Amino acid sequence: MILVSTAAAAVGTVAFALLFGVPRRFYLYCGAIGGAGWLLYCLLAGRLSSAAATFFAAVLVMLLSRFLAVREKCPVTVFIISGIIPLVPGAGIYWASYYLVTDQLLQAADAGFAAVKAVVAIVLGIICIFELPQGLFAIGSSKRRKEK
């Protein structure tokens, strides 16, 4: 079941990459990043809290995005925006709104707080990796010099 949901996350990530106008040559990378983030989330969700699993998955997505941005010589936003989509708590926001409209305030507060925790975990995961020096991500990239 995890493999099916990971594949669905990868396909959904590619669909969002298409929607956001990512160049065609990066679709496979975007799908792999989104799928890897979702896979890590699924593996950690049973062992950690949902917010902690989201944090570590966001860290993985950001690490992969930064490595590929340096390797492919493009902005990191090409990969991070579509790659983070599977982790966004859309269902939590929906349920919080639903419970609020149906006057189930306790459930609305629970669902809303869980969604806010997931969003904060995503932001912290991105910031933690974004603050690392660019040189760390140049490992393995070939910088060739023309010798005269």
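Hydrogens, waters and symmetry mates are skipped; everything else that's a heavy atom, side chains included, is used. Throughout, residue positions are numbered sequentially from 1 according to the sequence presented. Keep in mind that what you see is a predicted model, and the values were worked out from it rather than measured.
Dense packing is recorded around CZ of Phe26, with more than 12 heavy atoms of other residues, nucleotides or ligands lying under 6.0 Å away. The environment of CZ in Phe130 is sparse: at most 12 heavy-atom neighbours from other residues, nucleotides or ligands sit within 6.0 Å.
Nearest approach of Leu60 to Ala36, heavy atoms of both residues: CD2-O, 3.5 Å. The shortest heavy-atom contact between Pro86 and Gly34 is CG-O, 3.9 Å. Taking every heavy atom of both residues into account, Phe137 and Val70 meet most closely at O-CG1, 3.5 Å. Considering all non-hydrogen atoms of both residues, Gly125 and Ala58 come closest at CA-CB, 4.3 Å. The shortest heavy-atom contact between Ala69 and Phe79 is N-CE1, 3.6 Å. Across all their heavy atoms, Pro89 and Ala115 have their closest contact at CG-O, 3.6 Å.
Contacts of Tyr29 classified as ring-ring contact (aromatic ring centres under 6.0 Å, His included), with partners at least two apart in sequence or in another chain: none. The side-chain hydrogen bond (donor to acceptor under 3.5 Å, both in side chains) search around Glu131 returns none, not counting sequence neighbours. Leu18 meets the side chain to side chain contact (heavy atoms under 4.5 Å, CB included) test with Tyr27; sequence neighbours excluded.
By the 4.5 Å heavy-atom criterion applied to side chains, Tyr99 and Leu105 are not counted as neighbours. Leu43 has its side chain within reach of Ile2: a pair of non-hydrogen atoms, C-beta onward, lies under 4.5 Å apart. Side-chain atoms of Val78 and Pro75, non-hydrogen and from C-beta on, do get closer than 4.5 Å to each other. Using a 4.5 Å heavy-atom threshold, the side chains of Ile129 and Leu132 count as touching. Taking the side chain as every heavy atom from C-beta outward, Arg66 and Ile80 never approach each other to under 4.5 Å. Inter-residue side-chain proximity for Cys128 and Phe55 is flagged as met; some heavy-atom pair is nearer than 4.5 Å.
In terms of hydrophobic clustering, with Ile, Leu, Val, Met, Phe, Trp and Tyr side chains grouped at heavy-atom distances under 4.5 Å, Phe67 and Leu136 are assigned to a common cluster. Note on Leu63: it does not cluster hydrophobically with Ile127, by side-chain heavy-atom contacts below 4.5 Å among ILVMFWY residues. In the hydrophobic clustering of ILVMFWY residues, with side-chain heavy atoms under 4.5 Å counting as a link, Val88 and Phe113 come out apart. No continuous path of ILVMFWY side-chain contacts below 4.5 Å connects Met62 to Val123, so the two sit in separate hydrophobic clusters.
The distance from the CZ atom of Phe56 to the CZ atom of Arg47 is 13.0 Å, given to the nearest 0.5 Å.
For the side-chain contact (heavy atoms from CB on, under 4.5 Å) with Ile122, the lone residue among Ile84, Val59, Val61 that qualifies is Ile84.
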